[in-house]
Amino acid sequence: MEYARLTMVDTRPTTLPAGYLLRNFRHVADWVLALYPDLLCEADMAFHRQFQALSEPAQHLYLRLLTRTRPLIAVESLSYAEVPNVTSTLDELQQAGFAELNPQVDAAQLLELQTRSRLQQWFAQNSRSSAKKTELVESILAQHSAADIHNIIARHQPFTRALRQDCFDRLLLLFFGNGRQDLSEFIITELGHVRYEQYRIDGSTRYFQSRADVETLQRYLQVREQLEDPAILSDSIRLRECHALLPDHRQQPELQRRFDRIVLIIARQLERLQATDNALALYQQVATHPARERRARILAKQQQPQLALQLCRQILDDSHHPEELEFAEQFARTLARKTGTHFALAPAPAVREFTLELPFTGAAVEIVAAQALSDAQHVCVYVENLLFCGLFGLLFWDIIFAPIPGAFFHPFQRGPKHLHTEFFYPDRKTLIESRLEEMATPGWQQRIWDHFESRSGIANTLVAWEALSPELIDMALQHIPASHLHTIFRQLALHPGLYGSGFPDLIRFSHNGYELIEVKAPNDRLQPNQRRWFRHFADAGIPARLLNVTWIDADDE
DNA sequence: GTTGGGATTG
DNA sequence: GAATGTGTGTCTCAATCCCAACTT
DNA sequence: TGACACACATTCAA
Ligand SMILES: [Mn+2]
Ligand SMILES: [Mn+2]
């Protein structure tokens, strides 16, 4: 099945056609119904059928309710050209089971929805007018019953809430494959704020394979949302209840990644609440770093250094994650020292360092250092990850957006599925390897310039256009040997998500070469991912140093 | 009175 | 002084409006 | 809607 893009205007329109919200939702629903008829439950089908049976104003209004950030909405605030009569339209939504008027809800939320002055007015709170709104809400909650609060607010300021949000969310989830994007993508694109690559969308390889996949992912997203609630974060019982809600990932990489991330959050929070044994048990279910690091740290804290050491040995034996390995080496050294165990390990390679005294102006240390290291012979730029990720993204642009089956499934992607995981490389191995080989032939840089020209401004997670001036690219290509770029690009290609971070802050060009410099203000140390790149730079002969800045107090001297 | 953070909008 | 843990700001799509804090 | 990098606080071991 071929995906048909909505036709969008070429130039930036100042206004959009009336009813754009409904048009966009219909586009989403049509595509999902065509692609996933077997993954929709009866509730989903009924939802769509009954939605279509609504009058157009009612359809518009329902979508408006759902695109608000908070579930409770003051009826007064509903004012749209597409909905001439809000009251009767809301009534239609109620009758059809798409909205409810003045539902019984938490009194605090209801009060929070109102303005401060109205609360004072309605609840005759003559108390200090300087009281903060949250204090005002507290005092009203203390003085009035929930039923009174509900009645008073419903009388002065009727409110509504959309129903069947789960069906709506599921439709969007089936379309986007994530819980982060929504209908606003259509507007953003149409207004020209973001330009997406025009890759081909292949409906023959679906993002979701079964209904269980959809429900599992939806549940994961719900639990992750619950984990933002401070009341849950501070209660180990409720945290474990959250964990129990998580369906099994059934060894599916995409689901496992999300499962692991959530369990890591829960377990870490259990640690903070001193529920150490519960945390340990949860970490054991997680395959993703830093689960084993946390387990080792817990074991060490529980006076079980031998078990901790054993776990470190296991990591050193079977891990492919550079930061996990780095941790295991270092932690094993500490443990061995403490327990008197012999533990043979080569010491970590030393990092070359130098020091500068700079005036403290309040500006970011990287900016100040870059200026201090710039002069007539040197150009020093604060680039962090942006330069190398950007050059990689430009050189491999066509490979990144190559129509690998399943890689592209909706029109608003800044990269293929799995771009940030270890699955990126194997699916594109031959393409990537031959592109890397090209770097041995003169003029290989032309491909970077070609993509820089032809794809300029198009969204790509690896390419931060505003940070990549032609001058910077030119200096980089002139001063950095191809062999150096080659080894960096190879690492990036193997796992763009992992290796795309930890690059030094600065690059400093001089007449005959270049140098990478990581700036450290007092109280800052090399982080594990930065250490990992330094190690790689040392192996590859790439010049990199650590700059320790000490501040000169402007008042002192 | 100003301002700054959100929510809303296209 | 290491090592470890925790909190913060910055990307955000950009213009506009509203409202709750303030005298920046 | 996280990822990432930094700043700051606390703890701990020579
Ligand atoms: Mn940095
Ligand atoms: Mn730095």
Interatomic distance where [atom1] belongs to [X] and [atom2] belongs to [N] [whole Å]:
{"X": "A/L61", "N": "B/dT9", "atom1": "CG", "atom2": "P", "result": "11 Å"}
{"X": "A/L273", "N": "C/dT6", "atom1": "CG", "atom2": "C1'", "result": "14 Å"}
{"X": "A/L227", "N": "D/dG2", "atom1": "CG", "atom2": "P", "result": "11 Å"}
{"X": "A/Y220", "N": "D/dG2", "atom1": "OH", "atom2": "P", "result": "15 Å"}
{"X": "A/E135", "N": "C/dA20", "atom1": "CD", "atom2": "P", "result": "14 Å"}
{"X": "A/Q114", "N": "C/dC18", "atom1": "CD", "atom2": "P", "result": "17 Å"}
{"X": "A/K301", "N": "C/dA3", "atom1": "NZ", "atom2": "P", "result": "15 Å"}
{"X": "A/F331", "N": "C/dT4", "atom1": "CZ", "atom2": "P", "result": "6 Å"}

Check whether the side chains of A/T355 and A/N548 place a donor and an acceptor atom closer than 3.5 Å, and report yes or no.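 No.
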
Would you say the side-chain atoms of A/K133 and A/Q114 include a donor-acceptor pair closer than 3.5 Å?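 Judged by distance alone, the side chains do not pair up.
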
Scan [range] nucleotide by nucleotide, 5' to 3', and note B when protein non-hydrogen atoms come under 4.0 Å of the base, S if they reach only the sugar-phosphate, - if neither.
{"range": "nucleotides 10-15 of chain C", "answer": "--SBS-"}
{"range": "nucleotides 3-14 of chain D", "answer": "SSSBSB------"}
{"range": "nucleotides 3-8 of chain B", "answer": "----SS"}

Please classify the nucleic acid contact of [X] as base, sugar-phosphate, or nothing, using heavy-atom distances under 4.0 Å.
{"X": "A/R258", "value": "nothing"}
{"X": "A/L78", "value": "nothing"}
{"X": "A/R294", "value": "sugar-phosphate"}
{"X": "A/R268", "value": "sugar-phosphate"}

Determine the Euclidean distance between corresponding [atom1] atoms of [M] and [N]; express it in Å to zero decimal places.
{"N": "C/dA14", "M": "D/dA3", "atom1": "P", "answer": "22 Å"}
{"N": "B/dT9", "M": "C/dT10", "atom1": "C1'", "answer": "24 Å"}
{"N": "C/dT4", "M": "D/dA14", "atom1": "P", "answer": "13 Å"}
{"N": "B/dA7", "M": "C/dT12", "atom1": "C1'", "answer": "15 Å"}
{"N": "C/dT8", "M": "B/dG6", "atom1": "P", "answer": "13 Å"}

Could you check A/E323, A/E326, A/E324, A/E329 and say which one makes a salt bridge (Lys or Arg N to Asp or Glu O under 4.0 Å) with A/R532?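 It is A/E323, the one option of A/E323, A/E326, A/E324, A/E329 that forms the salt bridge (Lys or Arg N to Asp or Glu O under 4.0 Å) with A/R532.
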
Using the side-chain contact (heavy atoms from CB on, under 4.5 Å) rule, pick out the option among A/L65, A/L173, A/L63 that qualifies with A/F168.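 The side-chain contact (heavy atoms from CB on, under 4.5 Å) with A/F168 is passed solely by A/L63 among A/L65, A/L173, A/L63.
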
Please determine if a side-chain N or O atom of [X] lies less than 4.0 Å away from the OP1 or OP2 oxygen of [N].
{"X": "A/Q330", "N": "C/dA3", "answer": "yes"}
{"X": "A/R272", "N": "C/dG5", "answer": "no"}
{"X": "A/R23", "N": "B/dG10", "answer": "no"}

Measure the acute angle between the ring planes of [X] and [Y], then classify it against the limits of 30° and 60° as parallel, tilted or perpendicular.
{"X": "A/H418", "Y": "A/F423", "result": "tilted"}
{"X": "A/F331", "Y": "A/F327", "result": "parallel"}
{"X": "A/F412", "Y": "A/F176", "result": "tilted"}
{"X": "A/F503", "Y": "A/F388", "result": "parallel"}

Do the side chains of A/V351 and A/L526 get nearer than 4.5 Å, heavy atoms only?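 They are in contact (side-chain heavy atoms under 4.5 Å apart), so the answer is yes.
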
For A/F408, does the six-membered ring have the charged nitrogen or CZ of A/K417 within the cation-pi criterion, i.e. under 6.0 angstrom from the centroid and within 45° of the normal?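 Relative to the ring axis of A/F408, which defines the angle, A/K417 lies outside at least one limit.
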
Please report the C-alpha distance between A/E254 and A/Y207 in whole Å, then the side-chain angles of each, then the deciding distance to 0.1 Å, and finally whether the side-chain hydrogen bond (donor to acceptor under 3.5 Å, both in side chains) criterion is met. CA-CA 10 Å; A/E254 186 82 9; A/Y207 186 90; 2.9 Å; yes

Do A/H27 and A/F186 make the cut of ring centroids closer than 6.0 angstrom?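 Yes; A/F186 has its ring centre under 6.0 Å from that of A/H27.
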
Under the side-chain hydrogen bond (donor to acceptor under 3.5 Å, both in side chains) rule, what do A/H320 and A/E422 come out as? Steps first, then yes or no, please. CA-CA 11 Å; A/H320 299 291; A/E422 70 271 29; over 6 Å; no

For a quick test of your reading: what N or O donor-acceptor pairs under 3.5 Å do the side chains of residues 262-273 of chain A make, sequence neighbours left out?
residue : atom : partner : partner atom : Å
A/Q269  : OE1  : A/R272  : NH1          : 2.7
A/Q269  : NE2  : A/L233  : O            : 3.0
A/E271  : OE1  : A/R294  : NH2          : 3.0
A/E271  : OE2  : A/Y283  : OH           : 2.6
A/E271  : OE2  : A/R294  : NE           : 3.0

Non-neighbouring partners of A/F208 that pass ring pair (Phe, Tyr, Trp, His ring centres under 6.0 Å), sequence neighbours left out: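 Ring pair (Phe, Tyr, Trp, His ring centres under 6.0 Å) list for A/F208, sorted by chain: empty.
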
What nitrogen or oxygen pairs link the protein and nucleotides 21-24 of chain C at under 3.5 Å?
residue : atom : partner : partner atom : Å
C/dA21  : OP2  : A/K133  : N            : 3.0

